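Heads up, the thing below is written out as structure tokens.
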Amino acid sequence: MRNNWILGLVLTWTCAAQPPVKTPIELQEELESGLHGWSDRLEIIPPATRPWMDVRSPAPLDRPTGASVSVSQLGHKIPRAALKSYTRANQFSKKGEPARAAAELEGAIGLDPQFAEAYTNLGVAYGQLGRFDEATAALRRSLELDPHSSMAHYNMGIVLYKIGDIAGAVQSARRAVAESSENAWAHLLLGGLLSGKEATRTEGLQHIEVAARSLPLAREFIRSFTPPQ
């Protein structure tokens, strides 16, 4: 199923390692049950990405790196009211309420149309709601404001994959890695996309090995993989 790239990655590895004893449909259903939800790994930029955001960000290994702010964005002062809406949106996102998060982020952008991180997180919220056209538009606007945001490129890659634009997803994942070589989820996304084809499988596995330095999920995949004889 093309709506779960990690499922596709594990399925590829399993089939390469040994002849399946189960039918492809049975194997796919079993793997999908164990990895439900990983294809939707859109990431919220935490509130504390700027010096004046007085909110503690998660520990580095709890989130992708690459949420740093460009020099141009550091020169942009965000209104306090917009920051409050942004912080409330993050709280709603943590509670699994993307619709309420989107409403808060729309309000933040109304107060500050240059708020790049708000556009990124709005793209995430729209993506979680299945509003992919709006998600793509929000992420594009974020990247217009801050083209060096690894997080925004990563999320764009997820959304493009969800709408079937595989080439675009690969391009966005590559850009996310280029902007932040420490963005483990970007490496895992790129590795998952590249590992689906024999011609790019070696490169894909290299990216997954990088992701495995900080992501238990990637380490689990590496352990389960056996090169074809």
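One is the number of the first residue; the rest follow in order along the sequence. For clarity, every value in this text was computed on a predicted model and none was experimentally measured. Every heavy atom of this structure was used, including side-chain atoms; hydrogens, water molecules and symmetry mates were not.
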What heavy-atom pair brings [X] and [Y] nearest, and what distance separates the two atoms?
X	Y	result
Leu105	Ala89	CG-CB, 3.5 Å
Ala108	Ala82	CB-O, 3.6 Å
Ser195	Leu205	OG-N, 3.8 Å
Met151	Asn183	N-ND2, 4.3 Å
Ala186	Ala176	CB-CB, 3.7 Å
Asp112	Lys77	OD2-O, 4.4 Å

Checklist entry - Would you say the side chains of Ser172 and Arg175 form a donor-acceptor pair under 3.5 Å? => result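 On atom types as modelled, these side chains do not qualify, holding no pair under 3.5 Å.
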
Checklist entry - Going by atom types only, do Tyr154 and Glu179 share a side-chain donor-acceptor pair under 3.5 Å? => result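 Short answer, no.
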
Next on the checklist: Strictly by ring pair (Phe, Tyr, Trp, His ring centres under 6.0 Å), give each pair with a member in residues 190-211 just once, sequence neighbours left out.
Outcome noted: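 For residues 190-211: His187-His207.
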
Got a second to check how far [X]'s [atom1] is from [Y]'s [atom2], nearest 0.5 Å?
X	Y	atom1	atom2	answer
Asn121	Glu104	CG	CD	12.5 Å
Leu122	Asn155	CG	CG	11.5 Å
Glu117	Ile109	CD	CD1	10.5 Å
Leu111	Arg80	CG	CZ	13.5 Å
Tyr126	Tyr119	OH	OH	10.0 Å
Trp185	Ser180	CH2	OG	15.0 Å

Any chain of hydrophobic side-chain contacts (each under 4.5 Å) joining [X] to [Y]?
X	Y	answer
Phe115	Phe92	no
Ile166	Ile158	yes
Val210	Val177	no
Leu139	Ile163	yes

Checklist entry - Which residues pass the salt bridge (Lys or Arg N to Asp or Glu O under 4.0 Å) test with Glu144, sequence neighbours left out? => result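 By the salt bridge (Lys or Arg N to Asp or Glu O under 4.0 Å) rule, Glu144 matches Arg141.
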
Item to check | Residues forming a salt bridge (Lys or Arg N to Asp or Glu O under 4.0 Å) with Arg100, sequence neighbours excluded | outcome: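 So Arg100 forms a salt bridge (Lys or Arg N to Asp or Glu O under 4.0 Å) with Glu97.
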
Checklist entry - Do any pairs count as a salt bridge (charged side-chain N to carboxylate O under 4.0 Å, His left out) and have a residue in residues 184-194, sequence neighbours left out, and if so which ones? => result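 Of all non-adjacent pairs touching residues 184-194, none passes salt bridge (charged side-chain N to carboxylate O under 4.0 Å, His left out).
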
Checklist entry - Is there a side-chain contact between Leu193 and Arg174 (heavy atoms, below 4.5 Å)? => result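 No. Closest side-chain heavy atoms not under 4.5 Å.
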
Next on the checklist: Could you work out, with ring pair (Phe, Tyr, Trp, His ring centres under 6.0 Å) as the rule, every residue matching His153, not counting sequence neighbours?
Outcome noted: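 Ring pair (Phe, Tyr, Trp, His ring centres under 6.0 Å) list for His153, sorted by chain: empty.
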
Next on the checklist: For Ser142, is there any backbone N or O sitting under 3.5 Å from a side-chain donor or acceptor partner on Asp146?
Outcome noted: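 Here the side-chain-to-backbone pair does not exist.
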
Next on the checklist: Applying side-chain hydrogen bond (donor to acceptor under 3.5 Å, both in side chains), can you list everything that pairs with Glu134, at least two apart in sequence or on another chain?
Outcome noted: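 Glu134: side-chain hydrogen bond (donor to acceptor under 3.5 Å, both in side chains) contacts with Arg131.
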
